[in-house]
Amino acid sequence: MSEVRNWSVLETRFTSAVKLERRPVAVAYLDGAPDSVEKFEGNEPSGCSFWRLAADGRTFYTVPEDHFNCAVGAYTHNITLSPEREQETGVTLKMMFDLGYVKPEEVPQIPRLPKTPAVLVYSPLGDAPVPPDVVLFACQPRSAMLLNEAAIRAGVACGAPALGRPTCMALPASLQHGAIFSLGCIGNRVYTGLSETQMYFVVCSQDLEAIADALEVVNGANAALSDYAIGRRQKLSTA
């Protein structure tokens, strides 16, 4: 129970420090199904669709077969499609190549999980039934600014430019390199309902507390600097 309360406290700290329109989503990669967590039943068009369900308050786990509808998401999560679905990867990639959406030489550079998870657990951060591996925040630019400054102060920012398509590669990228931003991709925005004004901040769960601590300093500094800048603008602006 202490583990669950810890995640709840962390979610409260983040939602109090920055404006978030959706609950942060916790994702865990496990070797077996956890007790007292329901298995996902049904179909979704993509792996990132499960983020939408978790942000809406659901806690559940999936197995690799639940991700077969998304060849790209299966690739980033190191999930091997069934033989009858395997050709879909080639078909999907060819469509993207033909559209000019991605170049063939970019594919090997896309981050992937190092091994196939037997089970993937999704939940709101505060309701995490097991310690998550990675947590993602959907946020607007001002909140992204504050989270970025906090990650830098905490020493856990990866320093890489914000990622683009596919959005799901941000999860393995964060596990490999540290806190990172993703601008999203069109598929993710359709499947999750991410608005035009939002992007993702993705972080390893082990770094959450350090970022939350740094946010307290960052918010105080930004408040003071805002007052300072307002005063200078009023005093020095002539146009």
Side-chain angles (χ1 to χ4, degrees), residues 1-30 34 36-42 44-62 66 73 77 119-148 150-151 154 156 163 167-168 170-171 174-175 179-185 187-216 218-219:
M1 293 298 293
S2 60
E3 198 77 61
V4 174
R5 285 197 298 270
N6 184 47
W7 305 123
S8 179
V9 168
L10 277 170
E11 179 172 339
T12 298
R13 291 183 68 185
F14 277 100
T15 55
S16 298
V18 295
K19 181 180 180 181
L20 298 173
E21 298 174 354
R22 300 184 179 199
R23 295 185 69 180
V25 172
V27 184
Y29 304 115
L30 305 179
S36 303
V37 178
E38 69 174 15
K39 182 184 181 303
F40 172 78
E41 298 295 341
E44 287 293 337
S46 69
C48 60
S49 296
F50 300 122
W51 306 358
R52 182 191 75 247
L53 302 180
D56 287 343
R58 290 183 57 180
T59 297
F60 57 92
Y61 74 87
T62 65
D66 294 319
H77 283 63
V119 166
L120 300 87
V121 179
Y122 297 89
S123 71
L125 173 59
D127 301 336
V130 297
D133 290 295
V134 64
V135 177
L136 55 101
F137 298 79
C139 52
Q140 294 185 344
R142 188 180 190 282
S143 295
M145 175 192 75
L146 296 172
L147 289 167
N148 182 57
V156 299
L163 297 178
T167 309
C168 52
L171 278 67
S174 179
L175 289 172
I180 198 166
F181 284 97
S182 171
L183 299 177
C185 64
N188 176 272
R189 291 184 180 277
V190 171
Y191 296 139
T192 68
L194 190 74
S195 75
E196 293 182 357
T197 62
Q198 293 178 313
M199 60 188 296
Y200 291 106
F201 175 69
V202 187
V203 60
C204 297
S205 64
Q206 65 189 23
D207 297 329
L208 283 172
E209 190 163 2
I211 294 174
D213 291 342
L215 268 174
E216 296 180 9
V218 165
N219 271 337

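When a residue number appears, it is its place in the shown sequence, counting from 1.
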Student: Step by step, work out the side-chain contact (heavy atoms from CB on, under 4.5 Å) result for R23 and T15.
Tutor: CA-CA 8 Å; R23 295 185 69 180; T15 55; over 6 Å; no
Student: If you look at every heavy atom in L146 and A17, which pair is closest and at what distance?
Tutor: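 Closest approach of L146 to A17, heavy atoms only: CD1-O, 4.4 Å.
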Student: Evaluate the side-chain proximity of V27 to F50: yes if any heavy-atom separation is below 4.5 Å, no if none is.
Tutor: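 SC-SC contact between F50 and V27 ruled out.
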Student: Does any non-hydrogen side-chain atom of D133 lie less than 4.5 Å from one of S205?
Tutor: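 They are not in side-chain contact.
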Student: Would you compute the distance between atom CE of M199 and atom OG of S143 and round it to the nearest 0.5 angstrom?
Tutor: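 Between M199 CE and S143 OG, I get 11.0 Å after rounding to 0.5 Å.
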Student: Check whether any side-chain heavy atom of Y191 lies under 4.5 Å from a side-chain heavy atom of E44, and answer yes or no.
Tutor: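 Counting from C-beta outward, Y191 and E44 never come under 4.5 Å.
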Student: Aromatic rings F40 and F60: how do their planes relate, parallel, tilted or perpendicular, breaks at 30° and 60°?
Tutor: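 Geometry flag for F60 against F40: tilted rings.
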Student: Between atom OG of S49 and atom CG of D66, what is the distance when rounded to the nearest 0.5 Å?
Tutor: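 So the OG of S49 and the CG of D66 are separated by 11.5 Å.
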Student: To check you understand the geometry: which heavy-atom pair defines the closest contact between P124 and A54, and what is its length?
Tutor: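 In this case the closest contact between P124 and A54 is CG-O, 3.2 Å.
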Student: C48 and T192: which non-hydrogen atoms are nearest, and at how many Å?
Tutor: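 Smallest interatomic distance, heavy atoms only, reads O-CG2, 3.3 Å.
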Student: Side chains of F181 and L163: does their closest heavy-atom pair fall under 4.5 Å?
Tutor: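 Result no, sub-4.5 Å side-chain heavy-atom pair not found.
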Student: Looking only at heavy atoms, what is the nearest atom pair of A150 and A214, with distance?
Tutor: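 Shortest heavy-atom contact: O-CB, 3.4 Å.
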Student: side-chain contact (heavy atoms from CB on, under 4.5 Å) for E11 and S8? Distances and angles first, verdict last.
Tutor: CA-CA 5 Å; E11 179 172 339; S8 179; 5.9 Å; no
Student: Does any non-hydrogen side-chain atom of L171 lie less than 4.5 Å from one of H77?
Tutor: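 A side-chain contact under 4.5 Å exists here.
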Student: Once rounded to the nearest 0.5 Å, what's the spacing between atom CG of N6 and atom CG of L208?
Tutor: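 If I round to the nearest 0.5 Å, the distance is 9.0 Å.
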Student: Is any side-chain heavy atom of F201 closer than 4.5 Å to one of I211?
Tutor: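 I211 reaches F201 side chain to side chain.
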Student: Report yes if some heavy atom in the side chain of R142 is under 4.5 Å from a heavy atom in the side chain of K19; otherwise report no.
Tutor: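 A side-chain contact is absent here, since even the closest heavy-atom pair is not under 4.5 Å.
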Student: Looking only at atom types and distance, does a side-chain atom of R189 sit under 3.5 Å from a main-chain N or O of Q198, one as donor and one as acceptor?
Tutor: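 Yes: the side chain of R189 pairs with the backbone of Q198.
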Student: For the side chain of S123 and the backbone of L125, is there at least one donor-acceptor N/O pair under 3.5 Å apart?
Tutor: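 Judged by distance alone, no pair lies under 3.5 Å.
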Student: Show your reasoning for whether side-chain contact (heavy atoms from CB on, under 4.5 Å) applies to Y61 and L30.
Tutor: CA-CA 10 Å; Y61 74 87; L30 305 179; over 6 Å; no
Student: With a 4.5 Å heavy-atom cut-off, do W51 and N188 have their side chains touching?
Tutor: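 Yes. Closest side-chain heavy atoms under 4.5 Å.
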Student: What's the shortest heavy-atom distance between A28 and V130, and which atoms?
Tutor: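 The answer is CB-CG2, 3.8 Å.
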Student: What's the separation between atom CD in E21 and atom CG in L194, rounded to the nearest 0.5 Å?
Tutor: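 The CD atom of E21 sits 9.5 Å away from the CG atom of L194.
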Student: So, taking the atom named SG in C139 and the one named CG in L20, what distance separates them when rounded to the nearest 0.5 Å?
Tutor: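 Answer for the SG-CG pair, C139 versus L20, is 7.0 Å.
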Student: Answer yes or no: is there a donor N or O on one side and an acceptor on the other, between the side chain of T167 and the main chain of C185, under 3.5 Å?
Tutor: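 Yes, T167 side chain to C185 backbone: donor-acceptor pair under 3.5 Å.
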Student: By the definition side chain to side chain contact (heavy atoms under 4.5 Å, CB included), identify the one residue from V18, V203, V25 that meets it with F137.
Tutor: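 That would be V203.
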Student: Got a second to check how far E38's CD is from T59's OG1, nearest 0.5 Å?
Tutor: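 The CD atom of E38 sits 8.0 Å away from the OG1 atom of T59.
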